[in-house]
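Questions regarding the structure given below will be posed in turn.
Computed from heavy atoms alone, side chains included, the values below leave out hydrogens, waters and symmetry copies.
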Amino acid sequence: QVQLVESGGGLVQAGGSLRLSCEASGRTFRSYVLGWFRQAPGKEREFVAAISWMGSSTSYAGSVKGRFTISRDNTKNTLYLQMNSLKPEDTAVYYCAASHKIVVLTTAIGYDYWGQGTQVTVSS
């Protein structure tokens with residue numbers, strides 16, 4: 001199995017930026033599709049972004065496209081989410097997830113492993 005640990009969350013003013021990291025441990029890191037999800041208070045967990053094994057294919061939720069960038073460094077076994085132009089509605093706990101599937105997934109179904117999450121709070 002793979003273990004995932006998120007970091008980089010915090011408090012930021014609207015319009016600011018944050019970069020989240022997800023460090024993975026375990027074998028065959030390149031064999032996992034990786035994704036970011038978020039969950040705001042009182043809301044369902046929603047898809048944010050996903051990236052293929054080698055980083056050649058990505059997918060974004062419409063609400064973050066153009067503002068967020070997902071990337072991965074397989075040498076460092078790390079997944080990243082660069083978040084720019086943050087809005088108060090981006091406030092949520094952000095989770096990284098890994099899937100054994102070979103195609104990017106945009107729902108929680110199919111993801112096998114999850115991190116504990118990191119809090120992102122955007123003030124207005």
Handout entry: Check: Tyr111 and Val33 side chains under 4.5 Å, non-hydrogen atoms
Key = yes
Handout entry: Note, Ser7 side chain near Thr118 side chain (heavy atom, < 4.5 Å)
Key = no
Exercise for the section: Could you label the plane-to-plane angle of the His100 and Tyr113 rings as parallel, tilted or perpendicular, counting under 30° as parallel and over 60° as perpendicular? Expected result: perpendicular
Exercise for the section: Kindly work out whether a path of hydrophobic side-chain contacts (I/L/V/M/F/W/Y, heavy atoms less than 4.5 Å apart) joins Trp114 to Val5. Expected result: no
Completion exercise
On a heavy-atom basis, the closest approach of Tyr60 and Thr58 is CE1-OG1, 3.6 Å
Fill in the blank from the handout: The residue among Asp73, Ile51, Ile70 that forms side chain to side chain contact (heavy atoms under 4.5 Å, CB included) with Tyr80 is Asp73
Exercise for the section: Check for a donor-acceptor pair, side chain of Arg72 on one end and backbone N or O of Gly55 on the other, with a separation under 3.5 Å. Expected result: no
Exercise for the section: Please report the closest heavy-atom contact between Thr78 and Lys76, naming both atoms and the distance. Expected result: OG1-O, 2.9 Å
Problem - Gap between atom CG of Asn74 and atom CG of Leu34 - 0.5 Å precision - result: 8.0 Å
Practice task
Answer with yes or no whether the side chains of Ser123 and Gln13 bring together a donor and an acceptor at under 3.5 Å.
Solution key: yes
Exercise for the section: State whether the side chain of Tyr32 and the backbone N or O of Asp112 hold a donor-acceptor pair below 3.5 Å, judged by distance alone. Expected result: no
Handout entry: Heavy atoms from other residues, nucleotides or ligands near CD of Glu89 exceed 12 (cutoff 6.0 Å)
Key = yes
Exercise for the section: For the residue pair Arg38 and Val64, establish whether any side-chain heavy-atom pair is separated by less than 4.5 Å. Expected result: yes
Exercise for the section: Measure up the Phe68 and Tyr94 rings against each other and bin them: parallel (under 30°), tilted (30 to 60°), perpendicular (over 60°). Expected result: tilted
Handout entry: Close side-chain approach of Met83 to Trp36, heavy-atom, < 4.5 Å
Key = no
Fill in the blank from the handout: Scanning both residues in full, the closest heavy-atom pair of Trp53 with Ile102 reads CZ2-CG2, 3.1 Å
Completion exercise
Heavy-atom nearest pair, Phe47 first then Phe37, reads CA-CD2, 3.5 Å
Problem - Donor-acceptor contact below 3.5 Å, side chain Arg19 vs main chain Gly8 - result: no
Practice task
Grab the two heavy atoms, one from Ser124 and one from Pro88, that are nearest each other, plus how far apart they are.
Solution key: CB-CG, 3.7 Å
Fill in the blank from the handout: Taking every heavy atom of Ala24 against every heavy atom of Val2, the minimum-distance pair comes out as CB-CG2, 3.8 Å
Problem - Nearest-0.5 Å distance, OG of residue Ser52 to CG of residue Leu105 - result: 11.5 Å
Exercise for the section: Spell out, as yes or no, whether a donor-acceptor pair under 3.5 Å connects the side chain of Thr91 to the backbone of Val122. Expected result: yes
Problem - 4.5 Å side-chain heavy-atom contact, Glu6 and Leu4 - result: no
Exercise for the section: Give, for atom OG of Ser71 and atom CG of Leu79, the distance between the pair rounded to the nearest 0.5 Å. Expected result: 7.0 Å
